[in-house]
Q: 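First the structure, which I've put down as structure tokens, then a few questions once you've had a look.
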Number of protein chains: 2
Amino acid sequence: MRKVHQNPDNCAVVRTMGYIGGKWKPIVLIRILTGVKVRFGKLAVQMPDISRKILAQQLRELEEDGLIIRHSYMEKPPRVEYELSELGKTLIPVLKAMHDWGAQMEDPAKRSTWEPIIP
Amino acid sequence: MRKVHQNPDNCAVVRTMGYIGGKWKPIVLIRILTGVKVRFGKLAVQMPDISRKILAQQLRELEEDGLIIRHSYMEKPPRVEYELSELGKTLIPVLKAMHDWGAQMEDPAKRSTWEPIIP
DNA sequence: GCCTTTAGTTACAACAAGGTAACCAGGAAT
DNA sequence: ATTCCTGGTTACCTTGTTGTAACTAAAGGC
């Protein structure tokens with residue numbers, strides 16, 4: 001179990017942080033929740049500040065936690081696609097709340113770029 | 001600026017994480033948002049898993065970020081009380097979304113202990 | 001005079017997270 | 001035969017976060 005998942009208080013908020021806490025997970029999830037399967041390489045290009053190692057690690061943890069689904073096609077060169085699981089979709093309100101708050105903090109006048117395209 | 005506040009992507013979700021990310025901040029905020037001023041010592045007792053040093057540090061950062069207000073009375077022994085700022089109150093929907101999701105994950109049947117008592 | 005109380009701080013140590021660079025497989029294209 | 005391509009992994013190192021123990025001030029009670 002990852003350190004971040006230890007939750008001695010058994011507190012709901014701490015539990016949520018165990019799933020989406022960490023520097024990069026929320027943004028990774030936001031990139032994946034477009035509803036379309038996304039390839040690893042495309043994610044890496046969209047988020048140049050995350051090293052590929054960390055991206056791979058975060059994706060693996062999100063998969064272990066059941067928030068995303070990993071589709072691996074047995075091709076060469078390899079092709080791997082990610083999409084939100086049903087459980088992952090239940091996180092959308094949380095991510096949306098986080099997004100909206102952050103967007104407000106940047107500039108109250110700026111309209112949200114949040115566009116959930118969930119099938 | 002704390003490392004966690006660096007946001008090269010200028011992403012709203014990452015920005016939010018800069019404020020409430022970290023292992024303890026959401027639970028600290030939850031304890032403070034009752035609407036009543038809370039003393040440092042009471043917070044420390046309520047959250048025995050957070051060392052007093054870390055609690056003090058998190059409170060200082062939350063204050064620097066303008067999410068909470070620190071009232072220090074010039075008494076001996078000292079008395080310090082914390083309360084949510086107006087900006088901090090805007091975080092309530094975010095914290096509530098996080099709380100609800102985490103509560104669901106624990107046990108869908110269990111009813112929420114979330115009871116916002118905001119003046 | 002000595003002990004208690006509160007809200008911290010400081011120095012130090014331990015650990016977790018994140019980053020870099022190098023490397024891999026194996027089919028397709030050149 | 002060599003190079004390119006993708007989606008990783010591994011070893012190693014740096015950075016950031018958390019924890020522990022000891023200490024402080026200054027008033028009040030005994």
Q: If you compare every side-chain N and O of B/Arg39 against the phosphate oxygens of C/dA7 (OP1, OP2), does one of them come in below 4.0 Å?
A: yes
Q: Establish, with yes or no, whether the OP1 or OP2 oxygen of D/dG7 is under 4.0 angstrom from a side-chain nitrogen or oxygen of A/Arg60.
A: no
Q: Atom CZ of A/Arg70 and atom C1' of D/dG7: how far apart are they, to the nearest Å?
A: 8 Å
Q: side-chain contact (heavy atoms from CB on, under 4.5 Å) with A/Glu86: which residues, sequence neighbours excluded?
A: A/Lys89
Q: What residues form a salt bridge (charged side-chain N to carboxylate O under 4.0 Å, His left out) with B/Glu83, not counting sequence neighbours?
A: none
Q: Applying salt bridge (charged side-chain N to carboxylate O under 4.0 Å, His left out), name anything that partners A/Arg60, two or more places apart in sequence or on another chain.
A: none
Q: In whole angstrom, give the distance that lies between atom NZ of A/Lys42 and atom C1' of D/dC5.
A: 19 Å
Q: Between residues 61-68 of chain B and DNA chain D, which residues have a heavy-atom gap below 4.0 Å?
A: none
Q: Measure from the side-chain N and O atoms of A/Thr16 to the backbone N and O of B/His99, and report whether any donor-acceptor pair falls under 3.5 Å.
A: no
Q: Do any N or O atoms of the protein come closer than 3.5 Å to N or O atoms of nucleotides 19-23 of chain C, and which pairs are they?
A:
unit_1 : atom_1 : unit_2  : atom_2 : d
C/dG19 : N7     : A/Lys53 : NZ     : 2.9
C/dG19 : O6     : A/Lys53 : NZ     : 2.3

Q: Tell me every residue that passes side-chain contact (heavy atoms from CB on, under 4.5 Å) with A/Arg52, counting only those two or more places apart in sequence or in another chain.
A: A/Phe40, A/Ala44
Q: Would you kindly give the CE-to-P distance between A/Met17 and D/dT17, to the nearest whole Å?
A: 12 Å
Q: Check side-chain contact (heavy atoms from CB on, under 4.5 Å) between B/Leu29 and all other residues, then give those that pass, not counting sequence neighbours.
A: B/Ile20, B/Leu62, B/Ile68, B/Leu84, B/Leu91, B/Leu95
Q: Measure from CG on A/Leu59 to C1' on D/dT6 and round the result to the nearest Å.
A: 14 Å
Q: Please name all residues satisfying side-chain contact (heavy atoms from CB on, under 4.5 Å) with B/Arg70, sequence neighbours left out, ordered by chain then number.
A: B/Glu63, B/Ser72, B/Val80, B/Tyr82
Q: Please report the distance, rounded to the nearest Å, between NE2 in A/His71 and P in D/dG8.
A: 13 Å
Q: Tell me the interatomic distance from B/Leu43, atom CG, to C/dT6, atom C1', rounded to whole angstroms.
A: 14 Å
Q: Once rounded to the nearest 0.5 Å, what's the spacing between atom NZ of A/Lys25 and atom CD of A/Gln57?
A: 8.5 Å
Q: Quick one: do the B/Tyr19 and B/Glu61 side chains pair a donor with an acceptor below 3.5 Å?
A: no
Q: With A/Thr90, which residues qualify under side chain to side chain donor-acceptor pair (under 3.5 Å), at least two apart?
A: B/Trp101
Q: Using a cut-off of strictly less than 4.0 Å between a heavy atom of the residue and any atom of DNA chain C, enumerate the qualifying residues of residues 73-81 of chain B by number.
A: B/Pro77, B/Pro78, B/Arg79, B/Val80
Q: A/Leu55 CG to D/dG7 P: how many Å, rounded?
A: 11 Å
Q: Once side chain to side chain donor-acceptor pair (under 3.5 Å) is applied, do any residues pair with B/Glu75, and if so which ones, sequence neighbours excluded?
A: B/Arg79
